Amino acid sequence: MRKGPAAGPHVVRLANAEAVLRRLREAPEAGLTATELVDATGLSRATVIAVGDDLVRRGWAIGLDPERAEAGRGRPPRTFAFRADAGVVLGLDMGAGKTTTLEADLRGRTLGSASGAFPGAGAAGRVDTVSATALAALAAAGTRPGRVLAAAAGVAAPVDRDGRIATPRDFWEQFDVGLAEGLRARHGWPVILENDANLAALAEQWRGAAQGVDDVAVVLAGERLGAGLLESGRLLRGRHGGAGELSFLRLVEGAAGPHGIGQLARAWGAEAAAGGLAGLAPAEVTAEAVFEAARDGDPGALGVLARLAEHMSRVVAVLGTLLNPELVVLGGAVAGAAAALLPGIRQELPRLTDTPPRVEVSALGGDAVALGAVRRALDDVADRALAIELP
């Protein structure tokens, strides 16, 4: 059997540098000694020290001054640590009416944040608003725009593997505002587009209810349902990025289509108000008013919550049957209110599916998409690190 050509010196050096940098990135802030890096990577001590010194020159690592060894115990160990301040990343959430930016260092610690409302303008106005909001987040942390190594942005549309809004339907085209090109032209930032529910799933696995879970569905359940799906720890996209689109719920008996909790709470609450709901007229009903009235024991509002729980139990049951996730997380702007639906959902699931998943409500609040965008940007920087010229 013929062997392929041996890897050249450049490929070997690059692989060694990636291995050491990955271990330093995962290590505590105190760093790792050369001996610890040898054990973690399997490289020789000489190679580890040479690579560590090179990473220091490139700006990705620092050489820490170890504590002086006790007399007669030899030279102190060489120690290297990852530079979390080598640059920053931005996580952007392009919501329906506003945009949010989180700035984070290279360990994912939030340094600054800002939000801005979208004007009634077209695509250019939306890009201007995102740009201004991102700059405001940087200014809040005293960071120069040139220190941004990557940005990721969540949009409420299917995004394919190449970061393009791939579905040609008119409904989705409104989200294709040229954001990546616009921010690159303005600031030189590399920008990755991603579906907002996918980013919420990354956030939940990173810092939310899905930590340690590899098979999870995160449902953004506010106005319109959409899911981010992780299978064996990896995003499940489908050919054009539409794997988490839930329009097929129109075909599910007993489900109210892909309408979210907020939308249905208003619609069903208005119906209930016609017969009496907390003294509200149908035109005065909001989702918040329905949940508040239910907490006060209003019969009409409790009836709406029962309908919502039935609807969401079928949504979760479909996901449990088709994808068999270990966990389904309900997120989005209504996550806090959705906690009131959990008892009803959990009670109904065993009747609706033979593979009922565990169901939880997100505790990440309104920053879940932006936080997931930070995680996505950090992963991009990690993938490209040794090709990046640090500011």
Side-chain angles (χ1 to χ4, degrees), residues 154 195-238 243-249 252-262 264-265 287 291 294-295 302 304-369 371-372 375-376:
N195 173 260
D196 55 357
N198 284 351
L199 293 179
L202 294 180
E204 293 293 343
Q205 190 181 53
W206 185 29
R207 291 185 175 171
Q211 293 181 69
V213 181
D214 286 337
D215 298 286
V216 60
V218 176
V219 181
L220 294 184
E223 291 299 302
R224 190 175 188 278
L225 299 178
L229 309 172
L230 290 169
E231 197 277 329
S232 298
R234 301 181 64 179
L235 282 174
L236 184 64
R237 298 179 181 278
E245 295 303 314
L246 301 180
S247 297
F248 68 86
L249 289 170
V252 176
E253 182 180 354
H259 306 303
I261 293 171
L264 292 176
F291 281 97
R295 284 193 293 271
L302 290 172
V304 172
L305 259 62
R307 293 180 69 183
L308 289 171
E310 171 68 14
H311 169 57
M312 291 307 301
S313 66
R314 291 182 179 271
V315 172
V316 174
V318 167
L319 292 172
T321 301
L322 291 178
L323 302 170
N324 191 27
E326 175 183 343
L327 171 68
V328 172
V329 180
L330 303 181
V334 298
L341 307 180
L342 282 182
I345 294 172
R346 290 167 175 164
Q347 180 178 336
E348 283 293 298
L349 277 180
R351 183 179 67 84
L352 297 171
T353 177
D354 292 331
T355 54
R358 181 162 56 92
V359 187
E360 301 291 347
V361 168
S362 174
L364 296 180
D367 286 340
V369 173
L371 187 63
R375 180 67 267 169
R376 180 66 180 85

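It should be emphasised that the depicted structure is a prediction, and the values quoted were computed from it without experimental measurement.
From L264, atom CG reaches atom NE2 of H311 across 5.0 Å, with rounding to the nearest 0.5 Å. With values rounded to the nearest 0.5 angstrom, L327 atom CG is found 11.5 Å from D214 atom CG.
No side-chain heavy atom of V328 sits less than 4.5 Å from a side-chain heavy atom of I345. Looking at heavy atoms from C-beta onward, V334 lies out of side-chain contact with F291 at the 4.5 angstrom threshold. In this structure, the side chains of L230 and L235 come closer than 4.5 Å at one or more pairs of heavy atoms. Looking only at side-chain heavy atoms (C-beta outward), V359 and M312 stay at 4.5 Å or farther from each other. Within the 4.5 Å cutoff, the side chain of D215 has no heavy atoms near those of the N324 side chain. In this structure, the side chains of L305 and L341 come closer than 4.5 Å at one or more pairs of heavy atoms.
Counting all heavy atoms, side chain and backbone alike, P357 lies closest to V316 at CG-CG1, 3.7 Å. Smallest separation of non-hydrogen atoms from P325 and A217: CB-N, 4.1 Å. Residue A210 comes nearest to V216 through the heavy atom pair CB-CG2, 3.9 Å, listed as atom of the first residue, atom of the second, then distance. Taking both residues in full, the closest heavy atoms of S247 and R224 are given as OG-NH2, 3.0 Å, listed atom of the first, atom of the second, then distance. Between A221 and L225, the shortest heavy-atom distance links the atoms CA-CD2, 3.5 Å. A pairwise comparison of heavy atoms in L349 and P356 identifies CB-CB, 4.0 Å as the closest pair.
The existence of a salt bridge linking R307 and E310 is excluded, since no basic side-chain nitrogen approaches an acidic carboxylate oxygen closer than 4.0 Å. Between E231 and R237 there is no salt bridge, since no side-chain N of the basic residue sits under 4.0 Å from a carboxylate O of the acidic one.
Counted within 6.0 Å of CZ on R234, heavy atoms from surrounding residues, nucleotides or ligands total 12 or fewer; the atom is thus considered open.
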*Go through L220 and V369 one step at a time and tell me if the side chain to side chain contact (heavy atoms under 4.5 Å, CB included) criterion holds.*
CA-CA 10 Å; L220 294 184; V369 173; 4.3 Å; yes
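In this view, E204 and S362 satisfy the side chain to side chain donor-acceptor pair (under 3.5 Å) rule, not counting sequence neighbours.
Of the residues D354, T353, L352, the one that meets the side chain to side chain contact (heavy atoms under 4.5 Å, CB included) test with T321 is T353.
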